[in-house]
K.L.:
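Quick one: structure below, then a few questions.
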Amino acid sequence: MDSKISTKYKLYLPYFEFIQSALDQTLMNYAKKHLFAYTSRIKKLDSISEKIETGRYSSWVEIDDFIGCILIVPNLSYEEEVIDFLKNAFTEIDLRKKGSTFKNFDTFRFDSTRFIGKLIPPNQEINKEIYDIKFEIQIRSAFEHAWSVTTHDLAYKSKNIDWKILRLASQLKASVEQLDMIALSAKDVNKQITSYKWPEIDIKIKILNFIKECFENGKIPNEIAPKDYSRVVDNIFALIKNKLSIWQSRKVNKELKLIFNNINTELNLINQKGFPMSLSLFQIIFGIFLKYEIIEPEDISKNVFYKTDTFLTVFPELKELKIKEFQI
């Protein structure tokens, strides 16, 4: 290892650590808020030496990834909003977007969008040199990140050169591009998929439409609308699945109509007394099912339920009900 490079690296390492800490504070908070994944690293001395040997950099200050960060987004539709955030949070030096470089049609390699930036100096600069050091922030899709971490050490940081491994890495990258494309255009792609009948899905759609209708006509206040409708519908369906004639469409429609009528009847009664805003949608449906004997206690012997004081106020007839209760 060249002593000049080693000395320079050791001199700058505290600066790198300061910048990484500042980036982590900003980007981890942003990632957490948006449910993105995030990671960062400081480039090691041997990697910097090897980068210098590529001949692409004429001086120390030109190196732009001493500190590298990765923001991992669900799909590429999030890329523009991430770029806007980075431009506001840091000083932009360069933006190398996916598709901005030359690449032949039969080439499949790393090409994530990269934001090159610097920290924005405060009004009273502590150390001007820190704010001249560049860092790189990559924006990757979840698929692309999986490909990168799976193949990077195997194909590109290996002690050996293996055509088959490199070929495999390229083939996987081709698959990743396809997955990203499908995820990005899922609403258009699904129009080309042949749809098949499956009674469970049909029933869940009917339950979902009924619930949405209850919100639209004001029988259930919007304040208790679930964050995840599909999960609530799954839970409701699980309660009544064994009570439905799933494979007999006419019969199941009559069964669902009766269930929905019972729910409507009870919602009218509940609204006359004032809607219990502390109960969840599932708790209300669960209580109605038991009150109207749509389900029996033995049907849910394996289920654990959170029976609150409000629940028992709304459904006093269920006070003596013997079910497994969630304990706080």
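No hydrogens, no waters, no symmetry mates; every other heavy atom, side chains included, goes into these values.
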K.L.:
Given side chains that start at C-beta, do those of I270 and V314 come closer than 4.5 Å, heavy atoms only?
P.N.:
yes
K.L.:
Could you give the distance from NZ (K251) to NZ (K254), rounded to the nearest 0.5 Å?
P.N.:
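Separation between the atoms: 9.5 Å.
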K.L.:
Would you call E266 and Y292 a side-chain contact if the rule is heavy atoms closer than 4.5 Å?
P.N.:
yes
K.L.:
Under 4.0 Å between a side-chain nitrogen and a carboxylate oxygen: does that hold for E296 and K243?
P.N.:
no
K.L.:
What verdict does the salt bridge (charged side-chain N to carboxylate O under 4.0 Å, His left out) test give for K204 and D234, after you've listed the backbone C-alpha separation in whole Å, the side-chain angles of each residue and the deciding distance to 0.1 Å?
P.N.:
CA-CA 7 Å; K204 287 179 181 180; D234 284 342; 2.9 Å; yes
K.L.:
Check step by step if side chain to side chain contact (heavy atoms under 4.5 Å, CB included) holds for I240 and F289.
P.N.:
CA-CA 9 Å; I240 60 174; F289 282 178; 3.4 Å; yes
K.L.:
Starting from Y57, can I reach I133 by hopping between I/L/V/M/F/W/Y residues whose side chains sit under 4.5 Å apart?
P.N.:
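Same cluster.
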K.L.:
Using a 3.5 Å distance criterion without hydrogens, assess whether the side chain of D228 forms a donor-acceptor pair with backbone atoms of R231.
P.N.:
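Confirmed, D228 side chain pairs with R231 backbone.
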K.L.:
Under the criterion side chain to side chain contact (heavy atoms under 4.5 Å, CB included), I'd like the reasoning laid out for I137 against L86: C-alpha separation, chi angles, the key distance, then a yes or no.
P.N.:
CA-CA 9 Å; I137 302 172; L86 297 178; 3.8 Å; yes
K.L.:
Is there a continuous path of hydrophobic side-chain contacts, each under 4.5 Å between heavy atoms, that joins L281 to L269?
P.N.:
yes
K.L.:
When you check the gap from the basic side-chain N to the acidic O, do D94 and R96 get nearer than 4.0 Å?
P.N.:
yes
K.L.:
Charged N to carboxylate O under 4.0 angstrom, E213 versus K219?
P.N.:
no
K.L.:
Should we say atom CZ of R167 is surrounded by more than 12 heavy atoms from elsewhere, each under 6.0 Å from it?
P.N.:
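It does not: R167 CZ has 12 such atoms or fewer within range.
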K.L.:
Would a hydrophobic clustering, with Ile, Leu, Val, Met, Phe, Trp and Tyr connected at side-chain separations under 4.5 Å, put I205 with V233?
P.N.:
yes
K.L.:
Run F36 and V82 through side chain to side chain contact (heavy atoms under 4.5 Å, CB included) and show every step you take.
P.N.:
CA-CA 10 Å; F36 299 156; V82 174; 3.8 Å; yes
K.L.:
Would a 4.5 Å heavy-atom cut-off, applied to side chains only, mark S6 and L45 as touching?
P.N.:
yes
K.L.:
Is the closest side-chain heavy-atom distance between I19 and K118 below 4.5 Å?
P.N.:
no
K.L.:
How are the rings of Y12 and F16 set to each other: parallel, tilted or perpendicular (split at 30° and 60°)?
P.N.:
tilted
K.L.:
Starting from M277, can I reach F282 by hopping between I/L/V/M/F/W/Y residues whose side chains sit under 4.5 Å apart?
P.N.:
yes
K.L.:
Measure from the ring center of W60 to the ring center of F66 and say whether it is less than 6.0 Å.
P.N.:
yes
K.L.:
Between W247 and P199, what is the shortest heavy-atom contact and its length?
P.N.:
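W247 and P199 have their closest heavy atoms at CZ3-CG, 3.5 Å.
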K.L.:
Assess whether ring pair (Phe, Tyr, Trp, His ring centres under 6.0 Å) is satisfied between Y38 and Y30, documenting all intermediate values.
P.N.:
CA-CA 9 Å; Y38 169 76; Y30 176 73; 9.8 Å; no
K.L.:
In Å and rounded to the nearest 0.5 Å, what is the CG to CD distance from L312 to E317?
P.N.:
10.0 Å
K.L.:
Show, in sequence, the C-alpha distance, side-chain angles and deciding distance for F305 and F286, and conclude whether the ring pair (Phe, Tyr, Trp, His ring centres under 6.0 Å) test is met.
P.N.:
CA-CA 9 Å; F305 179 70; F286 185 84; 4.0 Å; yes
K.L.:
Between S112 and E144, does the side chain to side chain donor-acceptor pair (under 3.5 Å) criterion hold? Intermediate values first, please.
P.N.:
CA-CA 8 Å; S112 296; E144 195 163 29; 3.1 Å; yes
K.L.:
Can you tell me how far the OG1 atom of T39 sits from the CG atom of L71, to the nearest 0.5 Å?
P.N.:
10.0 Å
K.L.:
What verdict does the side chain to side chain donor-acceptor pair (under 3.5 Å) test give for S141 and N75, after you've listed the backbone C-alpha separation in whole Å, the side-chain angles of each residue and the deciding distance to 0.1 Å?
P.N.:
CA-CA 5 Å; S141 73; N75 60 65; over 6 Å; no
K.L.:
With heavy-atom distances below 4.5 Å as the criterion, would you say the side chains of F275 and I224 are in contact?
P.N.:
yes
K.L.:
Can you measure from OG (S40) to CD (Q138) and round to the nearest 0.5 angstrom?
P.N.:
12.0 Å
K.L.:
Quick one: do E216 and K212 make a salt bridge, cutoff under 4.0 Å?
P.N.:
no
K.L.:
How close do A142 and I72 get, counting heavy atoms only, and between which atoms?
P.N.:
CA-CG2, 3.7 Å
K.L.:
With no hydrogens and no angle check, just 3.5 Å: does a side-chain donor-acceptor pair link S245 and E255?
P.N.:
yes
K.L.:
I'd like to know if D64 pairs up with R56 as an ion pair, taking the criterion as any Lys NZ or Arg NE/NH1/NH2 lying under 4.0 Å from an Asp or Glu carboxylate oxygen.
P.N.:
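Salt bridge flag = no for R56 with D64.
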K.L.:
Counting N and O atoms only, with roles assigned by atom type, does the side chain of Q283 sit under 3.5 Å from a partner on the main chain of S280, one being a donor and the other an acceptor?
P.N.:
yes
K.L.:
How close do F215 and P226 get, counting heavy atoms only, and between which atoms?
P.N.:
CZ-CD, 4.0 Å
K.L.:
Any side-chain to backbone donor/acceptor pair from W147 onto A169? Under 3.5 Å, distance only.
P.N.:
yes
K.L.:
Decide, yes or no, whether a salt bridge links E62 with K134 under the criterion of side-chain N to carboxylate O below 4.0 Å.
P.N.:
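Between K134 and E62 there is no salt bridge, as every charged N stays at least 4.0 Å from the carboxylate O atoms.
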K.L.:
Decide whether I120 and I83 are clustered together by the hydrophobic rule: side chain heavy atoms of Ile, Leu, Val, Met, Phe, Trp, Tyr closer than 4.5 Å, transitively.
P.N.:
no
K.L.:
Rounded to the nearest 0.5 Å, what separates atom NZ in K33 from atom CZ in F85?
P.N.:
8.5 Å
K.L.:
If you draw a 6.0 Å radius around CD in Q178, do more than 12 non-hydrogen atoms from other residues or ligands fall strictly inside?
P.N.:
no
K.L.:
Between S47 and K43 (side chain of the first, backbone of the second, donor and acceptor by atom type, cut-off under 3.5 Å), is there such a pair?
P.N.:
no
K.L.:
Is it the case that the side chain of S175 and the backbone of Q171 share a donor-acceptor pair, with hydrogens and angles ignored and the cut-off at 3.5 Å?
P.N.:
yes
K.L.:
Could you pull out the closest heavy-atom pair between N264 and C214, with the gap in Å?
P.N.:
OD1-SG, 4.2 Å
K.L.:
Quick one, F237 and I201 - any side-chain contact, counting heavy atoms below 4.5 Å?
P.N.:
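With C-beta onward as the side chain, the pair stays apart.
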K.L.:
Is there a side-chain contact between I70 and H145, using heavy atoms and a 4.5 Å cut-off?
P.N.:
yes
K.L.:
Do L76 and E79 come close enough that some side-chain heavy atom pair is under 4.5 Å?
P.N.:
yes
K.L.:
What's the verdict on side chain to side chain contact (heavy atoms under 4.5 Å, CB included) for E80 and I139, showing C-alpha distance, side-chain angles and the deciding distance?
P.N.:
CA-CA 10 Å; E80 288 303 322; I139 306 169; over 6 Å; no
K.L.:
So, the side chain of T7 versus the backbone of S3: is there a donor-acceptor pair under 3.5 Å, distance only?
P.N.:
yes
K.L.:
In this structure, which one of T308, D309, T310, T313 forms a side-chain hydrogen bond (donor to acceptor under 3.5 Å, both in side chains) with S278?
P.N.:
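Passing option: T310.
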K.L.:
Between F135 and F90 (judged by ring centroids, cut-off 6.0 Å), do the two rings come close enough to count as a pair?
P.N.:
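Yes; F90 has its ring centre under 6.0 Å from that of F135.
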K.L.:
If you round to the nearest 0.5 Å, how far is CG of L23 from CG of L119?
P.N.:
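L119 atom CG to L23 atom CG measures 5.5 Å (nearest 0.5 Å).
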